[in-house]
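First up is the structure itself, then whatever we jot down about it.
Keep in mind the model is a prediction, meaning the values are calculated, not measured.
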Amino acid sequence: MPLSTSNLRCLSKLFVSLQTGQPAGFTLAKPAAHLVWRRFASTQIKTPPFPESISEGTLAQWLKQPGEYVNKDEELASVETDKIDSPVTAPQSGVLKEHLVSEGDTITIDQNIAVLDDSAEPPKGGGAAAPPKPDKGGASEKTGASELGNSVESASSPTKAAPDAKEPEPKPKQPAPQREAPPKPVSKPSPPKPEFSASTATFSRNEEQVKMNRMRLRIAERLKESQTRAASLTTFNECDMSAVINFRKNHKDEVLKSTGVKLGFMSFFSKACTQAMKQVPAINGSIQGPGNGDTLVYRDFCDLSVAVATPKGLVTPVVRNAESMSLLALESAIANLGAKARDGKLAIEDMASGTFTISNGGVFGSLYGTPIINLPQTAVLGLHAIKERPVVVNGQVVPRPMMYLALTYDHRMVDGREAVTFLRLVKEYIEDPTKMLLV
């Protein structure tokens, strides 16, 4: 559409005004009522802060897709690191415009991973705007149904053909009413083809390859490092759990009612270990220094690492200053860390700098095992299942609930005498918990 003379004059005055800085000498008309002025702004979403000593991670999963409206602090994605999973949250409310990285890509610190349009208005009705989807669902469902129907027909067709193929065989039976017909069906069960086809249809030989996540790769690396560096040796003992079981049976309801803490066995072993460390401090030490280490470190505190199995791998959250905590405080701290680990809410501070580890494989039914040292620690105690076994008490054979204990230690720092003494002390404290009050 050609411009009128008045419009040209206004444009020329506007250009002169822009060049000279003087007023243009006219006023702009108000915009029409049907026109809406809108600001378009986009925000770059960056990777979340990584834990110390970690410089990269893997984008595990996108929880929001382009076109969806998200609220401030709503979780958009999950990032895997060597130690924990970190959520990616929306810095502002708006519509997610674009993914800059794909699931499974490696990302670094402060990398842009998505674009958010923070000028978009929330959808009416309060619901999140779902990204547009092509109308291929029905077609795919129909296709899937038709494929399923075809597969059913194809699967049923051989079975229909089989009787047709066998129809000529019973024909000789009709003209022969004599007793010679029975031997013929007796020889029929031995055809090899039906048996072979049935066996191959019943059993599968498929394989599935799944790439290890970052946490499991890091766990594998640390375990192999422990086997390579530490001079690992395991000593065993067994303890009678009768006293602890009776104590728990008599007081668990009262404790649960008054404090809300479920009294278990881990607090007793944790307390027994911290008491035994006072007599055998090397168990709570570590080897530090260049290379394989040249300095022995002894501590007057115990940061107790508790092994917890999660879907993504084994983690060891830490109970700080366990030596100064009561049974109930230990039980509560261990339960809270276990819940956080299973919910994937552990922070890097929850797993740093443990000095001794307890691993309870008995909850899964393990009767016997040799745990692996969690470097740079020096020892790890393995607990196992409680089983009633016949034992000799005061010259009589009686059934008692027994548990095997396994202590794996680094022989570079801990001698056999110290390891056996520590495990014997733990056994004595468990079999008579009142002894822990005397230490």
Exercise. Ile334 and Val319: side chain to side chain contact (heavy atoms under 4.5 Å, CB included), yes or no, with the steps?
Worked result: CA-CA 7 Å; Ile334 292 171; Val319 179; 4.1 Å; yes

Over all atoms of both residues, closest heavy-atom pair of [X] and [Y]:
X: Ser270; Y: Leu304; answer: OG-CD2, 3.2 Å
X: Pro371; Y: Leu381; answer: CG-C, 4.4 Å
X: Ala90; Y: Val70; answer: CB-CG2, 4.0 Å
X: Ile373; Y: Tyr409; answer: CD1-C, 3.4 Å
X: Val261; Y: Val255; answer: O-CG1, 3.5 Å
X: Ala114; Y: Leu96; answer: CB-CD1, 4.0 Å

Inspect the contact between [Y] and [X] and indicate whether a charged nitrogen and a carboxylate oxygen are less than 4.0 angstrom apart.
X: Lys257; Y: Glu254; value: no
X: Asp415; Y: Arg417; value: no
X: Glu238; Y: Arg400; value: no

Exercise. Ring centroid separation for Phe247 and Phe268, is it under 6.0 angstrom?
Worked result: yes

[X] vs [Y] side-chain heavy atoms within contact, under 4.5 Å:
X: Thr47; Y: Thr108; value: no
X: Thr43; Y: Val115; value: no
X: Glu56; Y: Arg214; value: yes
X: Gln227; Y: Ser232; value: no
X: Cys273; Y: Val426; value: yes
X: Leu383; Y: Phe265; value: no
X: Leu425; Y: Glu428; value: yes
X: Arg218; Y: Met215; value: no

Going from [atom1] on [X] to [atom2] on [Y], what distance comes out if it is rounded to the nearest 0.5 angstrom?
X: Met351; Y: Asn374; atom1: CE; atom2: CG; result: 11.0 Å
X: Met241; Y: Arg248; atom1: CE; atom2: CZ; result: 9.5 Å
X: Ile107; Y: Ile113; atom1: CD1; atom2: CD1; result: 5.5 Å
X: Asp73; Y: Ser93; atom1: CG; atom2: OG; result: 8.5 Å
X: Lys64; Y: His99; atom1: NZ; atom2: NE2; result: 10.5 Å
X: Leu367; Y: Ile386; atom1: CG; atom2: CD1; result: 11.5 Å

Problem set entry | Val306/Thr357 under side chain to side chain contact (heavy atoms under 4.5 Å, CB included): CA gap, chis, key distance, verdict | CA-CA 6 Å; Val306 181; Thr357 298; over 6 Å; no

Exercise. Which word best sums up how the rings of Phe356 and Phe422 line up, parallel for under 30°, tilted for 30 to 60°, or perpendicular for over 60°?
Worked result: perpendicular

Test item: [X] side-chain N/O and [Y] main-chain N/O as donor-acceptor pair under 3.5 Å:
X: Ser359; Y: Gly382; result: no
X: Arg299; Y: Asn284; result: yes
X: Asn71; Y: Glu74; result: no
X: Gln92; Y: Asp118; result: no
X: Ser102; Y: Asp105; result: no
X: His384; Y: Tyr404; result: yes
X: Glu331; Y: Ser267; result: yes
X: Glu103; Y: Trp62; result: yes
X: Lys271; Y: Met325; result: yes
X: Glu323; Y: Cys302; result: yes

For this session: Apply side chain to side chain donor-acceptor pair (under 3.5 Å) to the pair Thr408 and Thr234, showing each step before the final yes or no.
Result: CA-CA 4 Å; Thr408 301; Thr234 304; 2.8 Å; yes

Exercise. Any chance CD of Gln396 has more than 12 other-residue heavy atoms, nucleotides or ligands included, within less than 6.0 Å?
Worked result: no

For this session: Assess whether atom NZ of Lys224 is packed by more than 12 heavy atoms of other residues, nucleotides or ligands within 6.0 Å.
Result: no

For this session: Start with the C-alpha gap between Thr355 and Asp303, add the side-chain angles, then the distance that decides, and say whether side chain to side chain donor-acceptor pair (under 3.5 Å) holds.
Result: CA-CA 5 Å; Thr355 62; Asp303 287 345; 5.7 Å; no

Exercise. Under the side chain to side chain contact (heavy atoms under 4.5 Å, CB included) criterion, do Gln111 and Val101 qualify, and how do the steps go?
Worked result: CA-CA 10 Å; Gln111 179 179 343; Val101 295; 3.5 Å; yes

For this session: Determine, step by step, whether Arg342 and Val308 satisfy the side chain to side chain contact (heavy atoms under 4.5 Å, CB included) criterion, reporting the C-alpha distance in whole Å, the side-chain angles of both residues, the deciding distance to 0.1 Å, and the verdict.
Result: CA-CA 8 Å; Arg342 286 185 288 271; Val308 180; 4.1 Å; yes

